[in-house]
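Everything on this sheet refers to the single structure shown next.
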Amino acid sequence: RLYIRTFGCQMNEYDSARISEILRRRGYEPTDDAEQADLILLNTCSIREKAEAKVISAAARFQGLKARRPDIVLAVAGCVAQQEGARLLGRLPQVDLVFGPDNIARCADLVEAVRESRRRVAVTAVIDAQDYTFLSADPRPEDVGTTALVTIQKGCDNHCAYCVVPAVRGREVSRPLREVVAEVERFVAAGAREVTLIGQNVNSYRGAAGGIDDFVTLLETVAAVPGLLRLRFTTSHPRDFTPALARAF
């Protein structure tokens, strides 16, 4: 059984859903009761103040459970995991596995390796932008409500002084338009009627023809999916806002 607690933004919510799907293929079923879990995973966010303190507090809650059931794997994923890496293993002796967002596709293998070896591991490798591939959602009707999140882009190249995103999510990478539309169609077929397109900077999307108004093309294409009633997006940056995007509204 798998227990996930998700901190932070919609990107983390989307990532947690993909983690659940990956682990489901390995036989894990979700549970809302950490006491019944074989794997406890904290998917963390570092964009807010005191994010690390929140992770340490959350992990401390499971110290007693881990002592009673040492076979449980306790993992920390997400942006704090990427930012702190092996330092989290030093501060949290009950944690077995730390891995960043670029290693979500490997999460099932990482968990099983830790379970078999009983060695504590931190994995924070970043995939080069040109080699990055997006995880595709495999939604089941029983898991889908009226709304759904679909990732179209990850990372940010702006390097604002106050923001840690480029350090923990890496360079901007856009998902191919065909992949985005196909995923929206799968969510709509599973029952969703509203979709939010998400990314660290959706205005910088370059997944169609490689042009500045690719995001407009994506919005118009997704809006035409039969059965989709409402389309939203987040997060955008004013630097990449164009007149064509204003007209698209």
Worked verdict on L2 versus S20 for side-chain contact (heavy atoms from CB on, under 4.5 Å) = CA-CA 8 Å; L2 165 67; S20 294; 4.0 Å; yes
List the steps, then state whether salt bridge (Lys or Arg N to Asp or Glu O under 4.0 Å) holds for D109 with R115.
-> CA-CA 10 Å; D109 292 334; R115 192 180 296 283; over 6 Å; no
Would you check, one step at a time, whether the test side-chain contact (heavy atoms from CB on, under 4.5 Å) holds for L219 with T217?
-> CA-CA 6 Å; L219 289 175; T217 301; over 6 Å; no
Start with the C-alpha gap between V225 and V181, add the side-chain angles, then the distance that decides, and say whether side-chain contact (heavy atoms from CB on, under 4.5 Å) holds.
-> CA-CA 8 Å; V225 171; V181 174; 4.2 Å; yes
Decide side-chain contact (heavy atoms from CB on, under 4.5 Å) for L65 and R69; before the verdict, give the C-alpha distance in whole Å, the side-chain angles of both, and the deciding distance to 0.1 Å.
-> CA-CA 6 Å; L65 178 60; R69 293 182 53 201; 4.2 Å; yes
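The distance from the CD atom of Q63 to the CG atom of L92 is 8.5 Å, given to the nearest 0.5 Å. Here the CZ-CG distance, from R120 to L74, works out to 9.5 Å after rounding to the nearest 0.5 Å. Rounding to the nearest 0.5 Å places CD1 of I40 at 13.0 Å from CG of L97. The CG atom of L42 sits 11.5 Å away from the CD1 atom of I56 when rounded to the nearest 0.5 Å. Here the straight-line distance linking atom CG of N203 with atom OG1 of T235 works out to 10.0 Å at 0.5 Å rounding.
Side chains of E185 and P226 form no contact here, defined as non-hydrogen atoms less than 4.5 Å apart. Put simply, the side chain of C156 does not reach to within 4.5 Å of the side chain of R169, judged on heavy atoms. Under the 4.5 Å side-chain criterion, counting only non-hydrogen atoms from C-beta, L89 is in contact with V95. Counting only heavy atoms from C-beta outward, the side chains of T147 and T196 never approach each other to under 4.5 Å. Side-chain atoms of V55 and V76, non-hydrogen and from C-beta on, do get closer than 4.5 Å to each other. Two residues are said to be in side-chain contact when any heavy atoms from C-beta on lie closer than 4.5 Å; D214 and V216 fail this criterion. Put simply, the side chain of C45 does not reach to within 4.5 Å of the side chain of V80, judged on heavy atoms.
Using a cutoff of 4.0 Å between basic side-chain nitrogens and carboxylate oxygens, E13 and R18 are not scored as salt-bridged. The pair E183-R175 meets the salt-bridge criterion, with a side-chain N (NZ, NE, NH1 or NH2) lying under 4.0 Å from an Asp/Glu carboxylate O. Ion pairing of R24 with E21 is absent here, as no side-chain N (NZ or NE/NH1/NH2) approaches a carboxylate O to less than 4.0 Å. Using a 4.0 Å cut-off between charged nitrogen and carboxylate oxygen, R5 and D32 do not count as a salt-bridge pair.
Evaluation of the salt bridge (charged side-chain N to carboxylate O under 4.0 Å, His left out) test over residues 72-98, restricted to residues two or more places apart or in two chains, returns E52-R91, K66-D96, E84-R87. Applying the side chain to side chain donor-acceptor pair (under 3.5 Å) test to residues at least two apart or on different chains, the pairs with a partner in residues 97-108 are D102-K154, N103-R106. Applying the salt bridge (charged side-chain N to carboxylate O under 4.0 Å, His left out) definition to pairs two or more places apart or across chains, those involving residues 216-231 are E194-R230. Among residue pairs with one or both ends in residues 238-247, those qualifying as side chain to side chain donor-acceptor pair (under 3.5 Å) are N158-R239, N201-D240, D213-T242; sequence neighbours excluded. Listed by first and then second residue, the ring-ring contact (aromatic ring centres under 6.0 Å, His included) pairs involving residues 79-131 amount to none (not counting sequence neighbours). For residues 176-217, the ring-ring contact (aromatic ring centres under 6.0 Å, His included) pairs, not counting sequence neighbours, are F215-F233.
For the side chain to side chain donor-acceptor pair (under 3.5 Å) test, no residue two or more places apart in sequence or in another chain qualifies with T124. Residues forming a ring-ring contact (aromatic ring centres under 6.0 Å, His included) with F241 (at least two apart in sequence, or on another chain): none. R1 pairs by the side-chain contact (heavy atoms from CB on, under 4.5 Å) definition with T31, Q36, D38, not counting sequence neighbours. Under the side chain to side chain donor-acceptor pair (under 3.5 Å) criterion, Y3 pairs with no residue, sequence neighbours left out. Looking at residues two or more places apart in sequence or on another chain, you find no ring-ring contact (aromatic ring centres under 6.0 Å, His included) involving Y28.
No donor-acceptor pair closer than 3.5 Å links the side chain of Q10 to the backbone N or O of T234. At distances below 3.5 Å, at least one donor-acceptor pair connects side-chain atoms of R186 with backbone N or O atoms of A137. Looking at R206, its side chain does come within 3.5 Å of a backbone N or O of S204 through a donor-acceptor pair. A side-chain donor-acceptor contact under 3.5 Å links S117 to the backbone of R119. E35 contributes no side-chain N or O that, together with a main-chain N or O of A37, makes up a donor-acceptor pair within less than 3.5 Å.
Linking Ile, Leu, Val, Met, Phe, Trp and Tyr residues whenever their side-chain heavy atoms come within less than 4.5 Å leaves L41 and F7 in two separate clusters. In the hydrophobic clustering of this structure, I198 does not group with I19; members are Ile, Leu, Val, Met, Phe, Trp, Tyr whose side-chain heavy atoms approach within less than 4.5 Å, directly or through other members. Residues L135 and V123 fall within the same hydrophobic cluster, defined by Ile, Leu, Val, Met, Phe, Trp and Tyr side chains chained together at heavy-atom separations under 4.5 Å. The hydrophobic cluster containing F134 does not contain I152, counting ILVMFWY residues as joined when their side-chain heavy atoms lie under 4.5 angstrom apart, directly or transitively. Cluster membership for V98 and V164, using ILVMFWY side-chain heavy atoms within less than 4.5 angstrom, is not shared.
Of the residues D128, D157, D131, the one that meets the salt bridge (Lys or Arg N to Asp or Glu O under 4.0 Å) test with R171 is D157.
By the 4.5 Å side-chain criterion applied to Ile, Leu, Val, Met, Phe, Trp and Tyr, Y162 is assigned to no cluster and stands alone.
Around the CD1 atom of I212, the shell of radius 6.0 Å holds no more than 12 heavy atoms that belong to other residues, nucleotides or ligands. The number of heavy-atom neighbours closer than 6.0 Å to CZ of R118, taken from other residues, nucleotides and ligands shown, is above 12. For R178, the CZ atom counts as loosely surrounded, since its 6.0 Å shell holds 12 or fewer non-hydrogen atoms of other residues, nucleotides or ligands.
T6 and N12 form no side-chain donor-acceptor contact under 3.5 Å, judged by distance and modelled atom types alone.
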